[in-house]
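All values below come from the heavy atoms of this structure, side chains included, with hydrogens, waters and symmetry mates left out. For the single chain, residues carry numbers from 1 onward in sequence order.
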Amino acid sequence: MLREIRPAIVFLVGLVAITGLVYPLAMTGAAQLLFPYRAQGSLIEKDGKVIGSSLIGQQFSDEKYFRGRPSATTAPDPQDSSKTVSAPYNAANSGGSNLGSTSKALAERLKEGVETLRKENPAAAVPVDLVTTSGSGLDPDISPEAALFQVPRVAKARNLPEARVRSVVEGMIAQRTLGFLGEPRINVLQLNLAMDRLGS
């Protein structure tokens, strides 16, 4: 009986070693060699300190910073573990709000968001990505229109001419990947770092 089982055991151990050890180590090593920045999580540093990743959005509340898409991610409520609380850009709990088009809560949140943004810039149409959440809740990018919409507020908070802020925004636009994949976009963290480099 052992003679019949031995090949199966050897095959299983070999398969586990290849798929569970050799393959992951080879892929990790290849990624470290070919794409070290991406393999390390696309981390962004400022003054030698990691301040974020270009892959995960962050919440910016200061008026002098551009803001990203709203995030619907949550975390366990520290007071009651059976409930959750809002935790924007929580990478441990990536996901959308799952509110459908007939949801009253969603309609109220969107209406409130649009009204707030209209007060900020009454002369422009509110870009949809400034009021809607992404499917992951972690989107680090906004559309060029969403960034340009925020130029008057950021310029005023930084005491800079709008034209100068607009030129920084236009310089940060990443075009479609390979010319046809995705949409033009701007990474919010990198845009805010570019604004900080202006010194205002």
Next item on the list: Apply side-chain contact (heavy atoms from CB on, under 4.5 Å) to Arg67 and Arg153, showing your working.
Entry: CA-CA 11 Å; Arg67 297 182 186 122; Arg153 172 181 51 81; 3.6 Å; yes
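- Contact record, Gln58 with Gly52: NE2-CA, 3.3 Å, taken as the closest heavy-atom pair.
- Considering only heavy atoms from C-beta on, Met195 comes within 4.5 Å of Val154 through its side chain.
- In terms of heavy atoms, Leu117 sits closest to Phe149 at O-CZ, 3.3 Å.
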Note to self: side-chain contact (heavy atoms from CB on, under 4.5 Å), that's the test. Do Ile51 and Leu193 meet it? Break it down for me.
What the structure shows: CA-CA 10 Å; Ile51 59 165; Leu193 288 173; 3.6 Å; yes
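- Residue Val22 is not grouped with residue Leu12 when hydrophobic side chains (ILVMFWY) are merged at heavy-atom distances under 4.5 angstrom, including chains of intermediate members.
- Under a 3.5 Å cut-off, the side chain of Ser167 and the backbone N or O of Arg164 do form a donor-acceptor pair.
- In this structure, Ala87 and Ala75 approach most closely via the heavy-atom pair CB-CB, 3.7 Å.
- Every residue two or more places apart in sequence or in another chain that forms a ring pair (Phe, Tyr, Trp, His ring centres under 6.0 Å) with Phe60 is listed here: Tyr65.
- Under the 4.5 Å side-chain heavy-atom criterion for ILVMFWY residues, no single connected hydrophobic cluster contains both Leu189 and Tyr89.
- Remark: side-chain polar atoms of Gln190 are not paired, donor with acceptor, to backbone N or O of Ile186 under 3.5 angstrom.
- Among pairs with a residue in residues 2-36, none fulfils ring-ring contact (aromatic ring centres under 6.0 Å, His included), at least two apart in sequence or across chains.
- For the atom pair CD1 of Ile56 and OG of Ser42, the computed distance is 9.5 Å after rounding to the nearest 0.5 Å.
- For the pair Arg158 and Asp196, the minimum side-chain heavy-atom distance is below 4.5 Å.
- The NZ atom of Lys46 sits 9.5 Å away from atom CG of Asn192, with the distance rounded to the nearest 0.5 Å.
- Taking each heavy atom of Pro76 and Val85 in turn, the nearest pair found is O-CG2, 4.1 Å.
- Sorted by first and then second residue, the pairs that involve residues 166-180 and meet salt bridge (charged side-chain N to carboxylate O under 4.0 Å, His left out), not counting sequence neighbours, are Glu162-Arg166, Arg176-Glu183.
- Cluster membership check: Leu43 does not share its hydrophobic cluster with Leu55, using side-chain heavy-atom separations under 4.5 Å among Ile, Leu, Val, Met, Phe, Trp and Tyr.
- Pairs passing the side-chain hydrogen bond (donor to acceptor under 3.5 Å, both in side chains) check and including a residue from residues 108-119, sequence neighbours excluded, do not occur.
- The shortest non-hydrogen separation linking Leu34 to Pro36 is C-CD, 3.6 Å.
- In terms of heavy atoms, Pro184 sits closest to Pro144 at O-CD, 3.4 Å.
- Atom CG of Asn187 is separated from atom CD1 of Ile173 by 13.0 Å, given to the nearest 0.5 angstrom.
- For residues 71-99, the salt bridge (charged side-chain N to carboxylate O under 4.0 Å, His left out) pairs, not counting sequence neighbours, are Asp80-Lys83.
- Interatomic distance, OG of Ser54 versus CZ of Arg38, reported as 8.5 Å (0.5 Å rounding).
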Please list, one pair per line, the donor and acceptor atoms closer than 3.5 Å that link side chains of residues 126-140 to other protein atoms, with sequence neighbours excluded.
from, atom 1, to, atom 2, distance (Å)
Asp129, OD1, Ser143, OG, 3.2
Asp129, OD2, Ser143, N, 2.8
Asp129, OD2, Ser143, OG, 3.1
Thr132, OG1, Arg69, NH2, 3.0
Thr132, OG1, Val128, O, 2.9
Ser134, OG, Gly137, N, 3.1
Ser136, OG, Leu138, N, 3.0
Asp139, OD1, Asp141, N, 3.1

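- A side-chain N or O of Asn93 and one of Thr74 form a donor-acceptor pair less than 3.5 Å apart.
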